[in-house]
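In what follows, a structure is listed as structure tokens, so that the remarks can point back to it.
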Amino acid sequence: DAKTTQPPSMDCAEGRAANLPCNHSTISGNEYVYWYRQIHSQGPQYIIHGLKNNETNEMASLIITEDRKSSTLILPHATLRDTAVYYCIVRVRAGGETSGSRLTFGEGTQLTVNP
Amino acid sequence: DAEITQSPRHKITETGRQVTLACHQTWNHNNMFWYRQDLGHGLRLIHYSYGVQDTNKGEVSDGYSVSRSNTEDLPLTLESAASSQTSVYFCASSDRTGYEQYFGPGTRLTVT
């Protein structure tokens, strides 16, 4: 799985967009970008994933650069409840009983949303 | 609603004792995982299973074992607890696509 690099911490004002960057310069063509977050003392929560096209769901948007070497997770209107550690993970698509189902967590980015 | 549960939520044990942490999911997922998380760090994979009777070692499997006798459960056993195994343990499950892993609430284990 490709290695990812994220800033250790970021701050954001409540109501503003939070843009969390992730570098994955060694990503392979068959590797997806996944984002999870972990609110204090809870289990991680899946947010979104993508391959090369931008993706949006009810939680966030994922912007992947054309060369796929970096991506940005966007929380359009951050709230205090979005304060969490955000993990960017790159791995192959899983299918059946493959090693692609495993997740390798780095240190993530501690996002603090301030009132 | 389907869910994944862990028990106990908190456990204090002594060095050398055998400890088993339970994980139960009602998603009917094939894939199940155990991670540990130490203070201020990300999660590390201990063991995982892709189905009944299947188990595999993760990156930090020494001192731990798992068995998968049915789809719903993947208990994690610490054969002889050590202080270095004091940690928070998370169980997770996913379907065969593996796109989304669902995590349990965690078990905080203290080995004294």
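Letters A, B, ... are given to chains in the order of the sequence lines, protein chains preceding strands, and every chain is numbered from 1.
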Q: Taking all non-hydrogen atoms of both residues into account, name the closest pair between B:Gln25 and B:Thr71 and its distance.
A: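 Answer, listing the atom of B:Gln25 first, then B:Thr71: NE2-O, 3.0 Å.
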Q: Would you mind checking which part of B:Leu43 comes under 4.5 Å of any heavy atom in chain A, side chain (CB onward), backbone (N, CA, C, O), both or neither?
A: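 For B:Leu43, the contact with chain A is made by backbone and side chain together.
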Q. Does any heavy atom of chain A fall under 4.5 Å from the side chain of B:Gln6, the backbone, both, or neither of them?
A.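 Neither the backbone nor the side chain of B:Gln6 comes within 4.5 Å of chain A.
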Q: Indicate, with yes or no, if the rings of B:Phe33 and B:His47 have centres closer together than 6.0 Å.
A: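 Ring centroids of B:Phe33 and B:His47 are no less than 6.0 Å from each other.
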Q.
In this structure, is the centre-to-centre distance between the rings of B:Tyr64 and B:Trp34 below 6.0 Å?
A.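 No, the ring centres sit 6.0 Å or more apart.
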Q | From B:Asn56, B:Thr55, B:Asn30, residue fulfilling side-chain contact (heavy atoms from CB on, under 4.5 Å) relative to B:Tyr50 | A |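 One option only clears the test, and that one is B:Asn56.
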Q. Name the one of B:Phe103, B:Phe90, B:Tyr89, B:Tyr48 that satisfies ring-ring contact (aromatic ring centres under 6.0 Å, His included) with B:Tyr35?
A.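 The passing option is B:Phe103.
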**Q.** A:His24 and A:Ser71 side chains, donor-acceptor separation under 3.5 Å
**A.**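 Yes, a side-chain donor-acceptor pair sits under 3.5 Å.
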**Q.** chain B neighbours within residues 105-115 of chain A, where any heavy atom lies under 4.5 Å away
**A.**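 Residues in range: A:Phe105, A:Gly106, A:Glu107.
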Q. Centre of A:Tyr34's six-membered ring, under 6.0 Å away, within 45 degrees of the axis: is that where NZ or CZ of A:Arg91 sits?
A.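 Cation-pi check for A:Arg91 and A:Tyr34: passes.
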